[in-house]
Amino acid sequence: MNASNGVATDFFTMQGTNGGNIRWQGNVNTLKVHDGSILGFGASTSLQDTDMEIFHVSNESYIRDTGAGTLFIQTDGPSITLGSTANNLALSATFVPGGAINLYHNYGKKFETTSNGIDVTGLVEFDSLSGTGAVAIT
């Protein structure tokens, strides 16, 4: 580890007592956290508990809110997108702030919220239907 004026550069590793490591790789600007180690946020002054955690165990990844408040996912960009990292076209959902919510199946949009209600592409199956006023089905 290279250090100058209290700043570590290049590579350094922090090792936990239970084998969990955190490693900074300066050549690729990446902080790597060992499987099973937790990044905790919102710790109290005692640093005993956290309110939000990000971690990975085996084949599963987690973002977990452990506090008493609400977990917000926010953007100032055009949307929040859920989908595959392997293929940007493999969307599951998009959420436009203050606007549409789109749900996808096999690369095709199937459900969208609109200013008038919802738009569904494909067959709609339901067990019962009720409404106030007139209900028309065509």
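Given the structure is predicted, the values throughout are model-derived calculations rather than measurements. By convention here, the first residue in the shown sequence is residue 1.
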Please table the atom pairs, donor to acceptor, closer than 3.5 Å between any side-chain atom in residues 63-70 and protein atoms at least two apart or in another chain.
unit_1 : atom_1 : unit_2 : atom_2 : d
Arg64  : NE     : Glu53  : OE1    : 3.0
Arg64  : NH2    : Glu53  : OE1    : 2.7
Asp65  : OD1    : Gly67  : N      : 3.0
Asp65  : OD2    : Leu71  : N      : 3.4
Thr66  : OG1    : Thr50  : O      : 2.7
Thr66  : OG1    : Asp51  : O      : 3.3

Check against side-chain contact (heavy atoms from CB on, under 4.5 Å), Trp24 and Thr13: CA-CA 6 Å; Trp24 170 254; Thr13 300; over 6 Å; no

Phe72: which other cluster members, linking ILVMFWY side chains closer than 4.5 Å, directly or transitively? none

Which pairs count as side chain to side chain donor-acceptor pair (under 3.5 Å) when at least one residue sits in residues 25-39, sequence neighbours excluded? Gln25-Lys32

Under 4.5 Å between any side-chain heavy atoms of Leu39 and Val33, yes or no? yes

Measure the spacing between OG1 of Thr75 and CD1 of Ile73 and express it to the nearest 0.5 Å. 11.0 Å

Does Met14 belong to the same Ile/Leu/Val/Met/Phe/Trp/Tyr cluster as Leu31, with side-chain heavy atoms less than 4.5 Å apart forming each link? yes

What residue pairs, at least two apart or across chains, pass salt bridge (Lys or Arg N to Asp or Glu O under 4.0 Å) with a residue in residues 91-119? Lys109-Glu112

Shortest non-hydrogen contact from Pro97 to Gly77? CG-O, 4.1 Å

CD1/Ile118 to CD1/Ile101 distance, rounded to the nearest 0.5 angstrom? 11.5 Å

Find out if a path of hydrophobic residues (ILVMFWY) with successive side-chain heavy-atom gaps under 4.5 Å connects Val57 to Phe41. no

Under the rule for ring pair (Phe, Tyr, Trp, His ring centres under 6.0 Å), what residues qualify as partners of Phe55, not counting sequence neighbours? Tyr62

Linking I/L/V/M/F/W/Y whenever their side-chain heavy atoms sit closer than 4.5 Å, directly or via other members, would Phe111 and Leu129 fall into one cluster? yes

Any donor-acceptor pair under 3.5 Å from Thr81 side chain to Thr94 backbone: no

May I ask whether Tyr104 and Leu123 are part of the same hydrophobic cluster, defined by side-chain heavy atoms of I, L, V, M, F, W, Y residues being less than 4.5 angstrom apart, directly or through others? no

Suppose clustering is done on Ile, Leu, Val, Met, Phe, Trp and Tyr with side-chain heavy atoms closer than 4.5 Å. Which residues sit in the same group as Val96? none

What is the distance from atom OH of Tyr107 to atom OG of Ser92, rounded to the nearest 0.5 Å? 10.0 Å

Has Ser58 got a side-chain atom pairing as donor or acceptor with Glu60's backbone, closer than 3.5 angstrom? no

